[in-house]
Protein chains: 2
Amino acid sequence: MKKKTTIYDIAKKLNITAATVSRALNGNSKISEATRKLVAETAKEMNYEQNKLAQALKSGKSYNVGVIVPRIDSNFFASIIRGIEEELYPQGYHVIICQTHDQEALETGNINSLLNAQVDGILMSVSNAKGDSDTSFNALLKKNVPLIFFDRKKEIKGISSVTIDDFKGAYEATKHLIDQGYRRIAHLSNDRSLLIFKNRYLGYRQAILDSGLEFDENLVIETHSKVLEGRKTMKKLLNFENRPDAIFSASDFTALGAIQEIKAHGLKIPEDISVVGFSNEPFTRFMELSITSVDQSPIEMGRLAAQVFLEEVNNDKRIKSEKQVVLTPELIIRKSSLKSQILDKA
Amino acid sequence: MKKKTTIYDIAKKLNITAATVSRALNGNSKISEATRKLVAETAKEMNYEQNKLAQALKSGKSYNVGVIVPRIDSNFFASIIRGIEEELYPQGYHVIICQTHDQEALETGNINSLLNAQVDGILMSVSNAKGDSDTSFNALLKKNVPLIFFDRKKEIKGISSVTIDDFKGAYEATKHLIDQGYRRIAHLSNDRSLLIFKNRYLGYRQAILDSGLEFDENLVIETHSKVLEGRKTMKKLLNFENRPDAIFSASDFTALGAIQEIKAHGLKIPEDISVVGFSNEPFTRFMELSITSVDQSPIEMGRLAAQVFLEEVNNDKRIKSEKQVVLTPELIIRKSSLKSQILDKA
DNA sequence: TATTTTTGTGTAATCGATTGCAGATTTGAT
DNA sequence: ATCAAATCTGCAATCGATTACACAAAAATA
């Protein structure tokens, strides 16, 4: 009732050795069909369940992987995790999820703690590009523990990653605004030491330059991916003597905040000001005024990250491959930017 | 570089025994201060990290707990998880998160798989009240693996739980609508074999009866916690010859769907129809038309569930306590139901 | 029938850390 | 100076499963 049955219990009952039981259970070819069947039946009878810990200790594989994300309560990260699970569960892996809440201390802390728990690998989206987290990453590399970046990566030699083409996503979003006739397009950016935000900035910038518009650095404001931050930032922008007529936000949350502020000022969207977000969070679709956004196919991203991980663990330890997978984003045009509904194709 | 250092390595280097190293590291009182310090330093030098697997095997504790939720991409569950983490991390535990996506097969599958991974306990929100999952739960009890229900519980003897008073939350929400002058209040329910939905239904019903209003079972419709389901259901309700003038939804998501549908029919909220949701998801606050909802203090719920778990694991195995913690919900009144803004206290 | 293969199991070491028991060394008491 | 008590360490077993190696029994070959 309390004690779990082990292979020794089975062995004793059948008057054989634990070794034989183990082999029988694992389908070792050197075991006779008779005993194999007998062991299997007895195991079932006695409610035997393999102790993964013992197996893990012996084999050095825990069949646990760590997933580190800034937070799980955004659809984007939740979906990535779902993708990872879909790919990893069938292979017998468990996923240990850690949140950093964008605090770097938690990031390195989580890595150490996951290593301590003997995870077979870590899939993560970095929180912070500054600081000394590189040290942790390199330590991982040295220990030969597979590390895969998804979405928010750092460029470190030897580490694989799965990302989307943020530059392209931003470029197309901005281009779309320009095509709709907007001329003063502001950009709600974010910590640009993170590649994703840097690339979104660059894509935005390039689209403006390519269209022969004037690029005004003052229209680029760095903020945080929160609704209230979006409001605050938008407030500033609205007070400009020459206020923007469109917003390309690197985050759906700040885009939402911006929209609230714009409305609070009595301005109309998209007639007066147009807004485009990034990530295609579900609420962008469900808002009364649906928000144009860039989809990042997060489930696919998760699946791919998991696949890269599987490749690496199953590989010979000697081979160190580095794989960079880049997904193509998709612009989803909705009401918040669709001027042409009214003006018809300009 | 590849091999991790073990206590044996430290022992060899210092010409002592692994036993001594182990004791020194664990602060055993029988070790001299001198060797304790020496071992500690050498351990640091050699980059020693305790192998949790070995320790787990020996001690029978993995310091992993399983958390099973229907999904993680709702703020409610994500917050509960955060609460659990906040409480458990400082104690050295890791959290393995599993999603059931409301499929019962996944639920029992997850339980088995977590047990297999030797988790020290399972905290969960049940997905489905039908089916034979009771068997799994009882199996857990027999194995003396702590099991804690949070939010969505099942009434099984010997299993602790942390929930909110759904009846009260629903009662107050409904009462609020009645106080605002609404008379035909519909209820968007959900699988009532789950206690939370049953209790929300009962609270709603009681509030109506207590106010002397007629209770009309036809105004109670069972649906699923999804935006689109909310729309569909609302569509039906709007076609009633005697349509409701208020909606109390057991879910914020269906409430959102209902709102969309109401607007699509050209009706005004809250003038024509009032809407109240449940869970206080962030979007209810951020909508242009903010949604009245019932807050469930999910972080607190998570923390409490974790605390109950800690009590149980730290208890003598012989003592089987059963603890039922019930939180009090809070009605957050917002635009979607605040008629008095216009009519002033009726 | 004698000998070589093949087939099926047992023996014992291993993964890394913990711990009861025993033995050694130091300290204190007389 | 002698013996008891206190303090520190080592020995070896243990947690449960895996696996190289050895060996016995059965089957195949000569």
### Task
Using a cut-off of strictly less than 4.0 Å, decide whether Q50(A) has a side-chain nitrogen or oxygen near OP1 or OP2 of dG16(D).
no
### Task
Provide, to the nearest angstrom, the distance between the NZ atom belonging to K58(B) and the P atom belonging to dA17(D).
15 Å
### Query
Does R23(A) get its side chain close enough to the base of dG10(C), under 3.5 Å, for a donor-acceptor pair?
yes
### Query
Under 4.0 Å: is that the gap between some side-chain N or O of N26(A) and OP1 or OP2 of dT18(D)?
yes
### Message
Side-chain N or O of N51(B) versus OP1/OP2 of dC15(C): is the shortest distance under 4.0 Å?
### Response
no
### Query
Do K61(A) and Y93(A) have side-chain N/O donor and acceptor atoms under 3.5 Å apart?
yes
Mind listing the N/O atom pairs, protein and nucleotides 4-6 of chain C, below 3.5 Å?
none

#### Entry: side-chain contact (heavy atoms from CB on, under 4.5 Å) between V95(B) and I97(B), worked out
CA-CA 6 Å; V95(B) 171; I97(B) 299 173; 3.7 Å; yes
### Message
The side chain of S32(B) is closest to which nucleotide in this list: dA17(C), dT19(D), dC8(D)?
### Response
dC8(D)
### Query
Centres of the F150(B) and F309(B) rings: under 6.0 Å?
no
### Query
Under 4.0 Å between a side-chain N/O of S22(A) and OP1 or OP2 of dT18(D), yes or no?
yes
### Message
Can you measure L25(B) atom CG to dG16(C) atom C1' for me and round it to whole angstrom units?
### Response
12 Å
### Task
Please state how far atom CD in E49(B) lies from atom P in dG16(C), giving the value in whole angstrom units.
13 Å
### Message
Can you tell whether the side chains of K37(A) and E33(A) come within less than 4.0 Å, N to carboxylate O?
### Response
no
### Query
What is the distance from OH of Y48(A) to C1' of dG16(D), rounded to the nearest Å?
7 Å
### Task
Report the nucleotide, chosen from dG16(D), dG16(C), dC21(D), that has the shortest atom-to-atom distance to any side-chain atom of T6(B).
dG16(C)
### Query
Donor-acceptor pair, T20(B) side chain versus I16(B) backbone, under 3.5 Å?
no
### Message
Can you pull out the residues from residues 8-20 of chain A that lie within a 4.0 Å heavy-atom distance of DNA chain D?
### Response
Y8(A), A19(A)
### Query
Q55(B) has an atom CD; how far is it from atom P of dA17(C), in whole Å?
9 Å
#### Entry: I31(A) CD1 - dT7(C) C1' separation (whole Å)
10 Å
### Query
Can D191(B) and S193(B) be counted as having a side-chain donor-acceptor contact under 3.5 angstrom?
yes
### Side-chain H-bond candidate by donor/acceptor type, S160(B) with E312(B), under 3.5 Å
yes
### Task
Provide the closest heavy-atom pair for D151(A) versus I196(A) in the form atom of the first, atom of the second, distance.
O-CG2, 3.2 Å
### Task
Please answer whether the main-chain N or O of F149(A) pairs with a side-chain N or O of S161(A) as donor and acceptor at a distance below 3.5 Å.
no
### Task
Check the distance between dC15(D)'s C1' and I7(A)'s CD1 and give it to me in whole angstrom.
12 Å
### Query
Judged by atom type as modelled, is there a donor-acceptor pair below 3.5 Å linking the side chain of E87(A) to the main-chain atoms of R303(A)?
no
### Task
Report yes if at least one side-chain N or O of T35(B) is closer than 4.0 Å to OP1 or OP2 of dT9(D); otherwise report no.
yes
### Task
Rounded off to whole Å, could you give me the CG-to-C1' distance for the L53(A) and dT18(D) pair?
15 Å
